[in-house]
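Contents: one structure, followed by commentary.
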Amino acid sequence: MWLGFDYFFRGGAMKKILISGGAGYIGSHTVQALAEAGYGPVVLDSLISGHRKAVGESIPFYQGDIADAGLVTDIIKKEEVRAVIHFAARSLVGESVQKPDLYFEENTAKTNRFVSTLLQCGVNTIVFSSTAATYGNPEEIPIPEESHTEPINPYGASKLMIEQSFYWLEQAYGLKWMALRYFNAAGAAWDGSLGEDHTTETHLIPLVLKTVLEQREAISIFGTDYKTPDGTCVRDYIHVLDLAEAHIRALEALEQGIPCGAYNVGTGTGYSVREVIAMAGKVTGLDIPVLEAPRREGDPDRLVAKVEKIQRRLGWQARYSDLETIIKTAWQWHQKHPHGYGD
Ligand code: UFG
């Protein structure tokens, strides 16, 4: 019986896709999207910030560190891994300023060891979770990929160094890589089964919704004197399901031989902090207590992606990232899981 091209190409009979950090926020949504698209995802996660419950029981799961060469080698051989999507990282900007050494070790150094192991095992295709924080304070809005990269915190620097190392690994060993520079990831799975659950929550949308759930007294607006129409910071919010799809497109494009490099993943449209809070009020139907607070250190006025490159080369476009859909799905997750995954 002929099982069809998709069966062989996507992983029914062929090798699988290893997802490092697959139990984290963006990782878990990507694992689910891969499984739904017929790929065979395999998860490696330390569970330092990820959640075991965010990964379906039917998906092969390994708890451990990306720098553990023995474990990574065993997984690649046992699961017949053909490519990797690499999310595992520390991602708190404030913490990175306090402990830069932790970020250069956990993100940059460990990724270097991880990729060395992959290459030794013959796996040379990697989609990497990068960030708009690589740009620092942008000179131009919307921000094109060729824009100057000068991170203003160690988190962004740790990710930019990884991108730079990939360029040299490509020259030396033929690494096929794509770095996806996310803007502001937000939203949750359609059915409310997966969502955002960080031990230390710093992001605007979950904090606004926790305020609605009366887990917080008010939402603080960090700065009202920015050079933006309403004085509050403007960000490009991208639905986590659109992000998940971008990873699959990136993987397919790399396997088809598209040039390696960095790609913005955003919508090209920005919303202010006040607009986000107003939309959360509309979606939830409740008044949200607001506190005007001083600026948070290191926040640029505006971060909005130029998205032509990913649209043109990968044929990807955000589909679910209008602000209302983002907040509706996030609100569904928070209502169903007021205390996250509960672990
Ligand atoms: N904000 C508030 N009050 C809060 C929390 C956030 O006003 O309680 C504001 C922030 O000052 C910022 C905006 O809401 O202007 C968005 O803040 P988030 O913390 O949700 O997101 P960031 O833009 O700071 O961070 C995102 C990614 C990071 C990445 C960074 C790049 O989440 O991983 O963009 O600058 F590093």
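Just so you know, ligand 1 is whichever comes first in the structure, and atom 1 is the first atom listed for that ligand.
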- Item | N-O pairing of E163 and K159 below 4.0 Å | no

- Item | Between H247 and Y182, ring centroids under 6.0 Å | yes

- For I221, counting its heavy atoms only, list the atoms of ligand 1 lying under 4.0 Å from any of them. 7 (O)

- Counting both backbone and side chain atoms, is some N or O of F222 under 3.5 Å from an N or O of ligand 1? yes

- Query: Given that the side chain starts at C-beta and the backbone is N, CA, C, O, which of these parts of N153 lies under 4.0 Å from ligand 1, counting heavy atoms, or is it both or neither?
  - Reply: neither

- Query: Ion pair present between K110 and E106, side-chain N to carboxylate O less than 4.0 angstrom?
  - Reply: yes

- Message: Within the 4.0 Å heavy-atom shell around I219, which atoms of ligand 1 are there?
- Response: 8 (O)

- Task: Please confirm whether R181 makes a cation-pi placement over Y263, using NZ or CZ under 6.0 Å from the six-membered ring centre and within 45° of the ring normal.
- Result: no

- Message: Distance under 4.0 Å to a non-hydrogen atom of V93: what atoms of ligand 1 satisfy this?
- Response: 36 (F)

- Message: At under 4.0 Å between heavy atoms, is it the side chain or the backbone of Y182 that contacts ligand 1, or both, or neither?
- Response: neither

- Taking NZ, NE, NH1 and NH2 as the nitrogens, is one of them in E105 or R113 under 4.0 Å from a carboxylate oxygen of the other? yes

- Considering only non-hydrogen protein atoms, determine which one is nearest to atom 17 (O) of ligand 1 and report residue, atom name and distance to 0.1 Å. R296 NH2, 3.5 Å

- R52 charged N/C atom sitting above F61 aromatic ring, 6.0 Å / 45°: yes

- Item | Nearest neighbour in protein (non-hydrogen) for atom 15 (O) of ligand 1 | C233 CB, 2.9 Å

- Item | Protein heavy atom at shortest distance from atom 35 (O) of ligand 1 | L303 CD1, 3.4 Å

- Taking atom 36 (F) of ligand 1 as the reference point, the nearest protein heavy atom with its distance: Y155 CE2, 3.2 Å

- Could you list the atoms of ligand 1 found under 4.0 angstrom from a heavy atom of T131? 29 (C), 36 (F)

- Which atoms of ligand 1 have any heavy atom of S220 under 4.0 Å away? 2 (C), 3 (N), 4 (C), 7 (O), 8 (O)

- Task: Apply ring pair (Phe, Tyr, Trp, His ring centres under 6.0 Å) to the pair Y237 and F183, showing each step before the final yes or no.
- Result: CA-CA 7 Å; Y237 294 89; F183 281 65; over 10 Å; no

- Message: I need the single residue from V208, D322, V276, I277 that forms a side-chain contact (heavy atoms from CB on, under 4.5 Å) with I327. Which is it?
- Response: V276

- Give yes if a backbone or side-chain nitrogen or oxygen of F183 is under 3.5 Å from a nitrogen or oxygen of ligand 1, and no if not. no

- Would you sort out whether W333 and Y341 count as a ring pair (Phe, Tyr, Trp, His ring centres under 6.0 Å), showing the intermediate values? CA-CA 10 Å; W333 155 258; Y341 289 99; 4.9 Å; yes

- From the options G223, A133, G156, A185, select the one whose nearest heavy atom is closest to atom 30 (C) of ligand 1. A133

- What residue and heavy atom of the protein are closest to atom 16 (C) of ligand 1, and at what distance? Y237 OH, 3.7 Å

- Item | N-O pairing of K282 and E324 below 4.0 Å | yes

- Which salt bridge (Lys or Arg N to Asp or Glu O under 4.0 Å) pairs, counting each pair once, include a residue from residues 334-343, with sequence neighbours left out? none

- Query: Between Y271 and ligand 1, which part of the residue brings a heavy atom under 4.0 Å of the ligand: side chain, backbone, both or neither?
  - Reply: neither

- Message: Tell me the nearest of V290, T232, N184, T134 to atom 25 (O) of ligand 1, using heavy-atom distances.
- Response: N184

- Task: Measure the distance from atom 9 (C) of ligand 1 to every protein heavy atom, then report the residue, atom name and distance (to 0.1 Å) of the closest one.
- Result: V273 CG2, 3.7 Å

- Short version for D299: what comes under 4.0 Å of ligand 1, heavy atoms counted, is side chain

- Rounded to the nearest 0.5 Å, the CG atom of L160 sits from the OH atom of Y135 at a distance of 10.0 Å

- Query: atom 5 (C) of ligand 1: which protein heavy atom is closest, and how many Å away?
  - Reply: T202 O, 3.5 Å

- For ligand 1, which atoms, with element, lie under 4.0 Å from some heavy atom of L207? 8 (O)

- Query: What do you reckon, does R235 have a nitrogen or oxygen under 3.5 Å from a nitrogen or oxygen of ligand 1?
  - Reply: yes

- Query: In the protein, which heavy atom is nearest to atom 27 (C) of ligand 1, and how far is it?
  - Reply: H203 NE2, 4.2 Å

- Message: Just to verify, what does T211 make a side chain to side chain contact (heavy atoms under 4.5 Å, CB included) with, not counting sequence neighbours?
- Response: R216, I219, I288, P289

- Message: More than 12 heavy atoms of other residues, nucleotides or ligands under 6.0 Å from NZ of K99: yes or no?
- Response: no

